[in-house]
Asker: 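Let me give you the structure first, and then I'll get to my questions.
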Amino acid sequence: MLNNLNHYHIILASNSPRRRELLAGLGIHFDVRVLPHIDESYPADLPALETAEYIARKKAIAYKATMQPGELVITADTVVIVDTQVLGKPTDVADAARMLRLLSNRTHQVVTGVGLLTATTLRTFSVTTHVTFKELTTDEINHYISAYRPFDKAGAYGIQEWIGYIGVTGLEGSYFNVMGLPVQRIYTELAKFF
């Protein structure tokens, strides 16, 4: 499948083991290349739902100068949104606990922005999934943070981990998007765009 990609050298611009696993699940051969110190800031007045796509676009533009002919670079960024507040990766234990308390007993949005970059084209899009958590106890929050150390995860949780098993009561949209890569949409975009 995706034979239209055979003449591209595909680069996944992410250190995330989850993104590597998900992209590999599409049966696509790719290499990982990560540039250091990419600016992931965004304007304070940017609507929350546009944040992930904005950052994915910035990442893609950062790769433009390093690209070789025939490369296709895939960038991604995931954020968690509660009301209009964007939650990135927690800075420490207290910040992770704060985020999980915010998510407790309510529905939030997980948005992943994706950039598809070639020498001549940049295509970006985002996918939104709605996730509902049960009311999390302080003991559950503390256990999860202590056992799983979710400091590399937007919103301080991984749905594929213990907290997802015991806490998620509802999901509307792509499960894989919550893990960090909307692979169904990526497959569709790659099939029609390149």
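Computation of the quantities below employed the complete heavy-atom set of this structure, encompassing side-chain atoms and omitting hydrogens, waters and symmetry-equivalent molecules. Given the structure is predicted, the values throughout are model-derived calculations rather than measurements.
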Asker: Show the numbers, then the answer: is there a side-chain hydrogen bond (donor to acceptor under 3.5 Å, both in side chains) between Gln109 and Thr128?
Answerer: CA-CA 6 Å; Gln109 296 163 305; Thr128 301; 5.7 Å; no
Asker: Using the salt bridge (charged side-chain N to carboxylate O under 4.0 Å, His left out) criterion, which residues pair with Arg18? Sequence neighbours excluded.
Answerer: Asp152
Asker: To the nearest 0.5 Å, how far apart are OG1 in Thr84 and CG in Leu49?
Answerer: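 Answer for the OG1-CG pair, Thr84 versus Leu49, is 9.5 Å.
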Asker: Can a side-chain donor-acceptor contact be found between Ser41 and Asp39 if the only test is distance below 3.5 angstrom?
Answerer: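 Short answer, yes.
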Asker: Taking Val86 as the starting point, is it possible to reach Val114 by hopping between hydrophobic residues whose side chains are less than 4.5 Å apart?
Answerer: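 Result: no, two separate clusters.
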Asker: Work out which heavy atom in Tyr144 is nearest to a heavy atom in Ala156; give both atom names and the distance.
Answerer: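 Smallest interatomic distance, heavy atoms only, reads CE2-O, 3.3 Å.
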Asker: Please confirm whether the backbone N or O of Gly115 pairs with a side-chain atom of Arg57, one donor and one acceptor, at under 3.5 Å?
Answerer: no
Asker: State, to 0.1 Å, how close Ala154 and Thr78 come at their nearest heavy-atom pair, and which atoms those are.
Answerer: CB-O, 3.4 Å
Asker: If a pair satisfies salt bridge (charged side-chain N to carboxylate O under 4.0 Å, His left out) and one of its residues is in residues 5-16, list it, with sequence neighbours excluded.
Answerer: none
Asker: Please report the closest heavy-atom contact between Leu100 and Leu136, naming both atoms and the distance.
Answerer: O-CD1, 3.9 Å
Asker: In a table with atom names and distances, give each donor-acceptor pair under 3.5 Å that connects a side chain of residues 174-186 to protein atoms at least two apart or in another chain.
Answerer:
| unit_1 | atom_1 | unit_2 | atom_2 | d |
| --- | --- | --- | --- | --- |
| Ser174 | OG | Phe176 | N | 3.3 |
| Ser174 | OG | Asn177 | N | 3.0 |
| Asn177 | OD1 | Thr112 | OG1 | 3.0 |
| Asn177 | ND2 | Val110 | O | 3.2 |
| Asn177 | ND2 | Val127 | O | 3.1 |
| Asn177 | ND2 | Thr129 | OG1 | 3.1 |
| Gln184 | NE2 | Thr188 | OG1 | 3.0 |
| Arg185 | NE | Glu189 | OE2 | 2.7 |
| Arg185 | NH2 | Glu189 | OE2 | 3.2 |

Asker: Can you hop from Ile145 to Ile159 via hydrophobic side chains spaced under 4.5 Å?
Answerer: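 Yes, same cluster.
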Asker: I need the minimum non-hydrogen distance between Ser16 and Ser14, along with the two atoms involved.
Answerer: N-OG, 3.1 Å
Asker: Check salt bridge (charged side-chain N to carboxylate O under 4.0 Å, His left out) between Arg101 and all other residues, then give those that pass, not counting sequence neighbours.
Answerer: none
Asker: Show every ring pair (Phe, Tyr, Trp, His ring centres under 6.0 Å) that has at least one partner inside residues 99-130, sequence neighbours left out.
Answerer: His108-Phe133, His108-Tyr157
Asker: Shortest non-hydrogen contact from Gly113 to Ala52?
Answerer: N-CB, 3.4 Å
Asker: Can you name the residues that form a salt bridge (charged side-chain N to carboxylate O under 4.0 Å, His left out) with Glu40, not counting sequence neighbours?
Answerer: Lys59
Asker: Which pairs count as salt bridge (charged side-chain N to carboxylate O under 4.0 Å, His left out) when at least one residue sits in residues 157-170, sequence neighbours excluded?
Answerer: Lys153-Glu161
Asker: Look only at the side chain of Glu50 and the backbone of Pro47, and say whether a donor-acceptor pair between them is shorter than 3.5 Å.
Answerer: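 Not a single qualifying donor-acceptor pair exists.
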Asker: Taking ring pair (Phe, Tyr, Trp, His ring centres under 6.0 Å) as the cut-off, I'd like each qualifying pair that reaches into residues 59-103, sequence neighbours left out, listed once.
Answerer: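 Output for this query is empty, none listed.
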Asker: Would Ile166 and Leu102 show up in the same hydrophobic cluster when neighbours are defined by side-chain heavy atoms closer than 4.5 Å?
Answerer: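 In one cluster: yes.
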Asker: Check salt bridge (charged side-chain N to carboxylate O under 4.0 Å, His left out) between Lys134 and all other residues, then give those that pass, not counting sequence neighbours.
Answerer: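 Lys134 satisfies salt bridge (charged side-chain N to carboxylate O under 4.0 Å, His left out) with Glu140 only.
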Asker: Should the ring pair His143 and Tyr148 be called parallel, tilted or perpendicular, given that the plane angle runs from 0 to 90° and is split at 30 and 60?
Answerer: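 Ring orientation of His143 relative to Tyr148: perpendicular.
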Asker: Considering only residues two or more places apart or on different chains, which pairs with a residue in residues 78-98 satisfy salt bridge (charged side-chain N to carboxylate O under 4.0 Å, His left out)?
Answerer: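 Found Asp83-Arg106, Asp95-Arg98.
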Asker: Going by the salt bridge (charged side-chain N to carboxylate O under 4.0 Å, His left out) test, which pairs reach into residues 22-32, not counting sequence neighbours?
Answerer: none
Asker: Tell me whether Ile55 is reachable from Leu117 by hopping between hydrophobic residues (I, L, V, M, F, W, Y) whose side-chain heavy atoms are closer than 4.5 Å.
Answerer: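 Different clusters: Leu117 never reaches Ile55 through Ile, Leu, Val, Met, Phe, Trp or Tyr contacts under 4.5 Å.
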Asker: Check whether Ile11 and Leu35 end up in the same hydrophobic cluster, where Ile, Leu, Val, Met, Phe, Trp and Tyr are linked by side-chain heavy atoms less than 4.5 Å apart.
Answerer: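 Ile11 and Leu35: one cluster.
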Asker: Does the Thr75 side chain pair with the main chain of Ala56, one donor and one acceptor, at a distance under 3.5 Å?
Answerer: yes
Asker: Could you report the tightest heavy-atom contact between Ala48 and Ile81, atom names first, then the distance?
Answerer: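 What the structure gives for the nearest pair is O-CD1, 3.3 Å.
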Asker: Could you note down all residue pairs passing ring pair (Phe, Tyr, Trp, His ring centres under 6.0 Å) where residues 9-44 supplies at least one of them, sequence neighbours left out?
Answerer: none
